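Per chain, numbering begins at 1; letters A, B, ... match sequence-line order. Being a predicted model, the structure only gives us computed values, none of them experimental.
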Amino acid sequence: MSILLGVENLVSGYGETEVLHGVSLKVERGTITTLLGSNGVGKTTTLWTISGILKAWSGKIKFNDEEVTMLPAHHRAEKGLILVPEGRRLWPQLTVYENLYLASFTRRAREKFEENLEKVFNLFPRLKERLNQQAGTLSGGEQQMLAIARGLVSNPEILMMDEPSLGLAPKLVQDIGRVIKRLRDEEGLTVLLVEQSVQMAVSIGDYGYVMENGRIVLEGAIDELMENSKFKQAYLGM
Amino acid sequence: MVSVFRRPGFIISTIIVLFFLVLGYLGNINAISRMYVSNGTDLMYYIGIGLAMAIIMSYAGYVSFGQAVFVGIGSFSTGYVLVLMNRSNIISYLAKIGSGGRISNTMLAVYFTESLLLAITISVFIAVVVGYAVLRLRGAFFAISTIGLDYVVMYLVKYITKTRSPFGGEELLNPSMGLTDMTFYWMHFILFIITIYVAYFVKISKFGYGLAAIREDEDAAEIMGVNTFRYKIYAFALSGILASFWGIAEAFRKSYSIGYFKLDKSIIMLVENVVGGIGSFIGPIIGSIIYYLLEWSFLTTVGQWTLVILGATVVVVVAFFPEGIVGLLKKRFPRLRKWLE
Amino acid sequence: MLELALTGGAITKGIIMGLIYGSVIGSVAIGLTIIWGVMKVVNLAHGHIVVFAAMMSAFLYLTYKGALLFTPPIAFIWIGLLGAAFGVFFYYTTLHPVIGHVDTMTLKYEMSSLMATFGFGIALYGIHYILPNYVHSYSVNPSIGYSIGAAGHTYIVFLGVVIMKSTVLMSVLGFLLTLVAYWLMNKTSMGLKIRAVAQDARALSLVGINPVKVKVMTAVLATALAMASGVLFLGYSTSVYPDIESTVSPLCFVIVVLGGLGSVLGTYFGGLFLGVMYWLTLELTGQQSIALAVAFAILLIAMVLKPDGVFSGIERKLSFRAKRG
Ligand SMILES: Nc1ncnc2c1ncn2[C@@H]1O[C@H](COP(=O)(O)OP(=O)(O)OP(=O)(O)O)[C@@H](O)[C@H]1O
Ligand SMILES: [Mg+2]
């Protein structure tokens, strides 16, 4: 198996405050890698930095054997490094269709737009019914679907998802988990998943990283993590 | 709590007032000192309108292009009292003036007071009636609506002067009353004392804190129990009254003209506040002094380039020093912080 | 006192002249509705840019008298293109430092943009006075260069109203300019990006679109439209001077508010409405100052009662979306 995304000693933060103090992680092609940790440890910051919205202060980000550390965010997206951000970040006054269409302007996404659209409607038939509705008027769950759909329409090489289940009902959380699993199994999509529902994350993940205070403190295949009693106690309450 | 009289803002205000007092007394010596008197009169006017604007803009955070309307109303009030009322007692002085006469101080005080009362009445009326409608708007919408306000009033007044002015045009020329530059200086000085202390006491009062809360976060202020709407109307009206004072002062000196209503006036007030720094009392004063010095030195050095340089200055300040000069000073010299209320 | 000339003829004339004027002034406001309504930049320099273009084209027209290139129907195209380049300059000097790295335009940034464009506007206004051969105002005799039809016949009579042919031409061009803007904003991907950038610029970079580029495009489009419409304004009014900005700019804001921020067609209809109101008042009272006071009173009322715009519905009804869904 080859490494699609490799992060080495990543340091970054906001303004003067350093939040990540040297994060290293690897994501293998075709797997679901999860990044876990309690609130405020720097998971979102890690994803923002990988996607290029935040500048890395030091360290390296390699994607597809190419160093992307200094590239601006939109160039990384063009290469297929796609983030479904925390809080969805849709364009609330544009319609569902416009939100999706905007994601298809990169070269890699344009070619496969129709195909990806079809795929997305398969996964989320609800969106198809609401194509002409303003995104801001969708329900929370529908907005989350749209955010994921937008990520998929971008034709990702890797899809980084930041808390896709935030604020959703337990049943919907399961659904989202199932969708992510399907994408890996059927499409061979690579996923880096940050999830507060650890249950869901471990049920679909292949490999896991645990963060504390801006550092990775534990990592391993999910099966191994599940045998670690400290991990189980801290994150699954078992 | 420190006594009000020992607070930095009060001390600075008093120093400025004393400065103008001394300038006034030294002024009447020779031709050169009289030039400084005229500069001092201008400077008081610029600080005055800057502080009038500060109440709505610096304190409450509302950008208004409409404060010129109040300057205009002030000057129109003076024009109305001196010209449109066609009073025989002014006209009868005209004869005397030819032989070096001057209207009595009592009469001057009467006209001055009448102008003040008229200006305050109209200003409050407009501020409350219009404010009641437009102060529901925020941000750019409020700003744009005040442009509308300015133009509505300006065009109506234009119509009134056009139909009623004895000169037939848009101007109302003051009858010559034999007044000297020194008289105008002291008239400005009276209004200056009122303006600067009112502006300062508003800033440190409960009302002022309410306005600051509105500036920082209007919704939060409302939740905290500030009656934001009423506060904004009071601020709008008070700002208008102070602005109208300076219309009066200038109209006694230079006669009424439609120019007082022009947006340029609001724009000067705005620039003074932005350059000095929004949110403070000292900021608009510093901004006004700088604006005056810049304009004065530009006019004498760069001539027609004035507007270009002025505009570029605003762009640079907004882009790179969004907190204005006060913000810059606070950052550079933290020890000065206390003095930059 | 005010005397009302309430005759049928006055009303007909008011409406016809108002529609012609409204079409021109409506198109002048389109650039503003895009940059303010869509990108939330309260562009106080808009009127200055319009007048700058008008002054420039008047100067060229008078200098090279008779040259077809400088007659308004031709000049409005290339001065519009020049406006695109000017838009880049405008963006990088004034807007970029303020909004270049802003994700979502909040009130605070709106107000900064207002102040910054205001500074740019004053500077641009000042340029008129430093030009070596500045004249206070230009008058362009419409009959020389761009009357249409038989030479010497610069007027037509329609329903008993005498209309200058050139003003009709300008209002038609204004309508075309509006259609072009409408098409760009609502039917092209550029328009879609422009509409997205003010709502969330960061999200654009997440889907691979450079948000700064989109902001530049918005400024370019708005400035190009402003400059093109400046030429039409000159063609309509036949004379221009820098201070006319103080009428043009507020009128544009009125129209944009009436039309609904960001709505191109709404803005155009707002222009027509305002034009008719203005001319009717002018015809009925004979007082220009009353007519302008009415125009701004409409602004105040519209803002308070219907801040979403009176005519914004027109665009929503006309624009169809996602036919390919
Ligand atoms: N814009 C910001 N400016 C300053 N500090 C920030 C900013 N965003 C986040 N932080 C700080 O950085 C730290 C890490 O935040 P981050 O959002 O990465 O946490 P997280 O692991 O995603 O938490 P959660 O599970 O709650 O989403 C926190 O202490 C937070 O307060
Ligand atoms: Mg997070």
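Heavy-atom contacts from other residues, nucleotides or ligands closer than 6.0 Å to CD of B:Glu323 number 12 or fewer. In the displayed structure, C:Tyr109 atom OH is contacted under 6.0 Å by at most 12 heavy atoms of other residues, nucleotides or ligands. When the shell of 6.0 Å around OH of C:Tyr92 is examined, it contains more than 12 heavy atoms from other residues, nucleotides or ligands.
In this structure, chain C has heavy atoms under 4.5 Å from both the backbone and the side chain of B:Val134. Looking at C:Leu114, only its side chain comes within 4.5 Å of chain B, counting heavy atoms on both sides. With a 4.5 angstrom heavy-atom cutoff, B:Val271 touches chain C only via side-chain atoms. Looking at B:Ala133, both its backbone and its side chain come within 4.5 Å of chain C, counting heavy atoms on both sides. Only the backbone of C:Thr93 comes within contact range of chain B, with heavy atoms under 4.5 Å apart. For chain C, the nearby parts of B:Ile144 are the backbone and the side chain; heavy atoms of each come within less than 4.5 Å. Using a 4.5 Å cut-off between heavy atoms, B:Phe142 makes no contact with chain C at all.
Within the model, atoms CG of C:Leu292 and NZ of B:Lys158 stand 7.5 Å from one another, a figure rounded to the nearest 0.5 Å. One distance of note links CD1 of B:Ile147 with OG of C:Ser249; it measures 6.5 Å at 0.5 Å rounding. In this structure, the separation between CG on B:Leu307 and CD1 on C:Ile127 is 10.5 Å, given to the nearest 0.5 Å.
When the candidates B:Leu270, B:Asp150, B:Val153, B:Ile267 are compared by the number of heavy-atom contacts under 4.5 Å with chain C, B:Ile267 comes out ahead. No other option in C:Ser113, C:Pro97, C:Pro250 has as many heavy-atom pairs under 4.5 Å with chain B as C:Pro250.
The main-chain N or O of C:Ser246 is found under 3.5 Å from a side-chain atom of B:Tyr151 such that the two form a donor-acceptor pair.
By the 30° and 60° cut-offs, the orientation of the rings of B:Tyr155 relative to C:Phe296 is parallel.
Between B:Val315 and C:Met115, every side-chain heavy-atom pair lies at or beyond the 4.5 Å cut-off. Looking at C:Phe118 and B:Val318, their side chains never come closer than 4.5 Å, going by heavy atoms from C-beta outward. Side-chain contact between C:Val98 and B:Phe320 is absent, with no heavy-atom pair separated by less than 4.5 Å.
Identified by a heavy-atom distance below 4.5 Å to chain B, the contributing residues of residues 41-54 of chain C are C:Val42, C:Leu44, in residue-number order.
Between C:Ala123 and B:Val308 the shortest heavy-atom distance is O-CG2, 3.5 Å.
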